[in-house]
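Encoded as structure tokens, the structure appears first; notes follow it.
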2 protein chains.
Amino acid sequence: MSEAPWENRFVNHQQNEAMSALSDPSRTRRNAAHCSSCAMRHLCMPEGLCSNDIAKLENIISATRRVKRGEALFRVGERFEALFAVRSGSLKTVVTHDGGREQVTGLLLAGDALGFEAIEEGTHTCDAIALEDSTVCVAPYPLFERMCRETDALQRRLNRMMSHALNREANHVVRLGMLRADERVAGLLLDISSRLSMRGYASSEFTLRMTRDDMGSYLGMTLETVSRTLSRFDKAGLIETQGKFIRICDFDGLRAV
Amino acid sequence: MSEAPWENRFVNHQQNEAMSALSDPSRTRRNAAHCSSCAMRHLCMPEGLCSNDIAKLENIISATRRVKRGEALFRVGERFEALFAVRSGSLKTVVTHDGGREQVTGLLLAGDALGFEAIEEGTHTCDAIALEDSTVCVAPYPLFERMCRETDALQRRLNRMMSHALNREANHVVRLGMLRADERVAGLLLDISSRLSMRGYASSEFTLRMTRDDMGSYLGMTLETVSRTLSRFDKAGLIETQGKFIRICDFDGLRAV
DNA sequence: CGGACCTTTGAAAGTTTTCAAAGTGGGTGG
DNA sequence: CCACCCACTTTGAAAACTTTCAAAGGTCCG
């Protein structure tokens with residue numbers, strides 16, 4: 001049982017990746033180590049940065065923060081102090097509607113950056129909750145902003161990252177607005193798979209730390225419908241589920257809804 | 001009939017606004033005139049820009065483009081060349097899913113900026129279609145980017161605008177994911193009302209140039225459900241509808257769903 | 001002014017939610 | 001280290017909501 005494939009958790013993948021991403025053996029300072037590693041790639045390692053720039057950046061992004069499962073990295077209304085990048089683990093962003101109803105608006109995996117929503121008003125507009133014990137890199141925004149001013153490439157990277165976040169949201173809008181329940185679930189699985197794949201992880205199996213309730217909230221449906229849909233996919237041979245572990249068996253089948 | 005309140009179109013409002021916003025009588029050049037006026041306020045007139053900066057900006061944003069009803073300002077796949085701001089009229093953004101199904105992902109009113117989604121990949125990821133004959137201000141991105149580099153305040157404004165777009169999308173996600181049909185329609189009406197109000201227009205009545213089909217697509221429901229919901233609101237005394245003209249009679253009632 | 005497009009309304013069909021209850025799993029304290 | 005318990009998951013059946021199909025007005029744009 002301890003050798004079962006679904007024991008192959010995110011955390012393990014991430015640590016492997018973190019190690020292998022240390023492509024430059026000369027950087028051995030502790031701060032440099034995590035900064036140049038996997039999770040901060042998008043935030044810290046834009047093409048076009050010279051090694052001098054990278055050194056400056058490493059000084060800015062010097063802190064790592066730990067967030068335990070269920071704890072908040074930040075909450076609605078808190079002052080905006082830093083951008084974050086998921087180094088290991090995963091988080092969800094949540095908005096609480098009046099009346100206490102909650103909606104999961106985002107899923108952040110290792111390598112994803114978050115916090116951009118707070119730039120507008122200077123305060124966070126959603127909660128970011130860890131789905132498992134996680135670590136994030138911290139980029140204090142005032143410093144980051146100053147460095148953007150000095151380094152064009154970094155500024156361009158920031159603009160692209162925010163544009164990327166915008167496109168991600170637009171995809172989510174399409175998923176919620178145009179797709180039926182089973183199409184949404186299939187879309188989510190394929191989306192996660194492709195995000196993992198882009199970062200060098202196995203794309204056909206993963207452990208999704210969201211509950212069925214979280215998935216339902218994210219997809220605009222009830223937890224029961226999520227569960228039923230996954231069961232149906234399983235019976236149809238499209239996937240195999242074992243609790244939170246999911247293996248995709250038939251990509252084309254999933255794409256065909 | 002020609003004096004009926006629903007003759008009071010957006011276009012009229014906008015022209016009034018454009019005139020009244022010419023707060024500095026010294027700026028009489030043609031290029032300066034439209035640039036310092038209403039529609040570009042968000043793009044061009046951040047607090048913190050000195051008059052010298054503003055002059056430079058006016059040179060960059062020198063073009064106005066006309067888009068006729070039904071025509072595209074840009075389309076999916078087209079190269080990203082400029083950011084835009086709606087000067088008069090209104091547009092929708094549309095994504096076409098495989099299979100030809102279309103989803104309206106955004107509604108842009110006078111004063112709104114658009115085009116940010118194209119920064120990531122350098123090509124547009126949606127179509128922008130005019131809902132009525134409209135004009136937009138054009139900010140060529142390479143020039144705009146360069147000016148951001150020279151002027152901190154403008155860069156900060158750009159970041160805030162993109163963050164704002166992100167928050168707008170997040171609101172839309174919540175609307176689609178957590179609300180029922182009538183709540184979505186009510187939410188849209190209140191959203192439009194508040195956006196008009198922020199820009200100094202009458203907030204209790206407006207002519208929404210989208211068709212019921214567009215509204216349905218934007219809200220993730222069918223045109224029939226939109227129509228039925230509006231009829232029900234009308235009968236309940238919450239609003240008055242006359243085709244595309246809508247008057248909100250009972251804001252609190254609408255907020256209460 | 002005419003015709004195309006848009007809107008409204010009804011009834012039936014379909015999908016998803018709600019309510020309910022049993023089963024499963026994993027993390028926590030003893 | 002194990003057992004227990006709480007939280008999560010699964011499944012069923014009825015109810016609710018929304019869509020689909022259909023047809024009759026309306027509106028407005030050229």
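Numbered from 1 within each chain, the chains take letters A, B, ... in sequence-line order.
In this structure, the CG atom of A:Asp214 is 13 Å from the C1' atom of D:dT9, given to the nearest Å. The distance from atom CD of A:Glu224 to atom P of C:dA20 is 12 Å, rounded to the nearest whole Å. With rounding to whole Å, A:Met221 atom CE is found 13 Å from C:dT18 atom P. Taking atom CZ on A:Arg209 and atom C1' on C:dG26, their separation rounds to 10 Å, with Å as the unit. For the pair B:Arg69 CZ and C:dC6 C1', the interatomic distance rounds to 10 Å; values are reported in whole Å. What separates CG of A:Leu219 from C1' of C:dT15 is a distance of 16 Å, to the nearest Å. To the nearest angstrom, P of D:dC17 lies 9 Å from CG of B:Asp182. Rounded to an integer number of Å, the gap from A:Arg212 CZ to C:dG26 P is 12 Å.
One finds no side-chain N or O of A:Arg228 lying less than 4.0 angstrom from the OP1 or OP2 phosphate oxygen of C:dT16. At least one side-chain nitrogen or oxygen of B:Thr225 sits closer than 4.0 Å to the OP1 or OP2 atom of D:dT19. Of the side-chain N and O atoms in A:Lys244, none sit less than 4.0 angstrom from OP1 or OP2 of C:dG26. For D:dT11, the OP1/OP2 oxygens have a side-chain nitrogen or oxygen of A:Ser231 closer than 4.0 Å.
Not a single donor-acceptor pair under 3.5 Å links the side chain of A:Glu240 to the backbone N or O of A:Arg247.
Among the atoms of the strands shown, none is found under 4.0 Å from any heavy atom of B:Gly216. Using a 4.0 Å heavy-atom distance criterion, A:Leu223 is classed as a base contact.
When each of A:Asp133, A:Thr135, A:Thr64 is paired with A:Ser88, the side-chain hydrogen bond (donor to acceptor under 3.5 Å, both in side chains) condition holds for A:Thr135 and for no other. Applying the side-chain contact (heavy atoms from CB on, under 4.5 Å) test between A:Leu108 and each of A:Leu73, A:Val86, A:Leu131 identifies A:Val86 as the sole match.
Side-chain to base pairing of A:Arg184 with C:dT16: no donor and acceptor N or O lie closer than 3.5 Å to each other.
Going from atom NZ of A:Lys244 over to atom CZ of A:Arg212 covers 7.0 Å, rounded to the nearest 0.5 Å.
Ring-plane geometry between B:Phe80 and B:His124 is classed as perpendicular, the angle between the planes exceeding 60 degrees on a 0 to 90 degree scale with a lower cut at 30.
The side chain of B:Ser227 approaches C:dT8 more closely than any other nucleotide in the set D:dT11, C:dT16, C:dT8.
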